[in-house]
Amino acid sequence: MKRNLIYLFSAIIVVAGITIMCLSTNDTEKVDQQRPSVLSMTASVDVPDEITFAGERTVFDRYDRRERMDRELNSFTYFHSTTLLLFKRANRILPIIEPILKQEGVPDDFKYLAIIESSLDSRAVSPARAVGLWQFIESAGREHGLEISGDVDERYHIEKSTVAACRYLKNAYRRYGSWSAAALSYNGGQGRITNELRNQRANDALDLWLVEETTRYYYRLLAIKTIFENPRQYGFVLKPEQLFKPIQFKEVRVSSSIPDLVAFATQNGITYAQLKDFNSWLRSTKLSNTSGKSYTILVPTQESMYYRKGETAKVHDERWVTK
């Protein structure tokens, strides 16, 4: 009897073991099937209900506006290296252009237009030969008061090109009574926006059927504004010392020709490369100035050109950093 019980218990244990092994195998196979094939997961970011840009409210409940915003917001969010660089450059460039926008009566949000136009690179050149921070083509630059010659091209001048951009935007706003239309015209041209508003019998420029670049343009503005105002929400974490430090300058005013800018740089205690870094509007190795026009050349101070350990980093917008 005892022997039979032993055999019975043994059989039960074997069957239970086989059952557990089968279940374990099935669970493992199920886990394997559910396991991602990549090392990290990518989540689509949520589209906000609405955004206000330059005092104008855009609601994202209609399919086209929501889907366009979705595309641009996810694009900037996951274009990690480029968007990180934008934050770093902004710490140096935005303190220069924001006061000019205010002085010229242009909404502060238009600083984001410079970001999407040139990635805040004052030396940027497009395939269409638009150049500088605000990407002026030659004819538009001259039209808005910028000097363009063999030795000087003020489209590369941060302050002067910002003033020129303000003139364009204010002119466009007077024409349309809308900052969103003014922004679209900055990309597509006022002639095109005016004609399409008439031809398509539309009241709002955001309702126009336009080439893809112009259609995307305003939503790119809204997306970069959203990320710059909420960087951590979109995964961007920077320390103060990781931002590009603002540079301090000595202003050298000249009203005569400079035959050798290399020698000029050396005399002012900097390299020719450093001179060009901060005065990229100087387009030659010399400055011809027979008219006696006054120019201001920026000479970076030695103290401000270096990053030093223990130095308190200057942060233009506290929302950009974590401490």
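Fair warning: this is a prediction, and the values are worked out from it, not measured in the lab. Values below: every heavy atom of this structure, side chains too, minus hydrogens, waters and symmetry copies.
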Starting from the C-alpha separation in whole Å, work towards a yes-or-no answer on salt bridge (charged side-chain N to carboxylate O under 4.0 Å, His left out) for Arg192 and Glu196.
CA-CA 6 Å; Arg192 178 181 300 171; Glu196 294 304 329; over 6 Å; no

Phe110 ring center within less than 6.0 Å of Trp179 ring center:
yes

Heavy-atom closest pair (Trp134 atom, Tyr186 atom, distance to 0.1 Å) is O-OH, 2.7 Å

Can you give me every donor-acceptor pair (side chain of residues 41-54, partner residue at least two apart or in another chain, under 3.5 Å) with its distance?
| unit_1 | atom_1 | unit_2 | atom_2 | d |
| --- | --- | --- | --- | --- |
| Glu50 | OE1 | Arg57 | NE | 3.0 |
| Glu50 | OE1 | Arg57 | NH2 | 3.2 |
| Glu50 | OE2 | Arg57 | NE | 3.1 |

Which residue pairs pass the salt bridge (charged side-chain N to carboxylate O under 4.0 Å, His left out) test with at least one member in residues 202-213, sequence neighbours excluded?
Arg62-Asp207, Arg65-Asp204, Arg65-Asp207, Arg71-Glu212

Can you pull the salt bridge (charged side-chain N to carboxylate O under 4.0 Å, His left out) pairs that have at least one residue in residues 268-285, sequence neighbours excluded?
Arg123-Asp277

Side-chain heavy atoms nearer than 4.5 Å, only ILVMFWY residues, links allowed to pass through others: does that put Leu238 and Leu85 together?
no

Spatial distance of atom OH (Tyr168) from atom OG (Ser161) [nearest 0.5 Å]
15.5 Å

Enter the distance from Leu210:CG to Thr215:OG1 here, rounded to the nearest 0.5 Å.
4.5 Å

Check salt bridge (charged side-chain N to carboxylate O under 4.0 Å, His left out) between Lys170 and all other residues, then give those that pass, not counting sequence neighbours.
Glu104

Should side-chain heavy atoms under 4.5 Å link Ile, Leu, Val, Met, Phe, Trp and Tyr, which residues sit in the same cluster as Ile270?
Val125, Val131, Val152, Tyr156, Val252, Val254, Ile258, Leu261, Val262, Phe264, Tyr272, Leu275, Trp281, Leu282, Leu287, Tyr295, Ile297, Val299, Met305, Tyr306

Under a single-linkage rule joining Ile, Leu, Val, Met, Phe, Trp and Tyr whose side-chain heavy atoms are separated by less than 4.5 Å, which residues share a cluster with Ile137?
none

Only residue of Arg142, Lys160, Lys293, Arg155 satisfying side chain to side chain donor-acceptor pair (under 3.5 Å) with Glu147 is Lys293

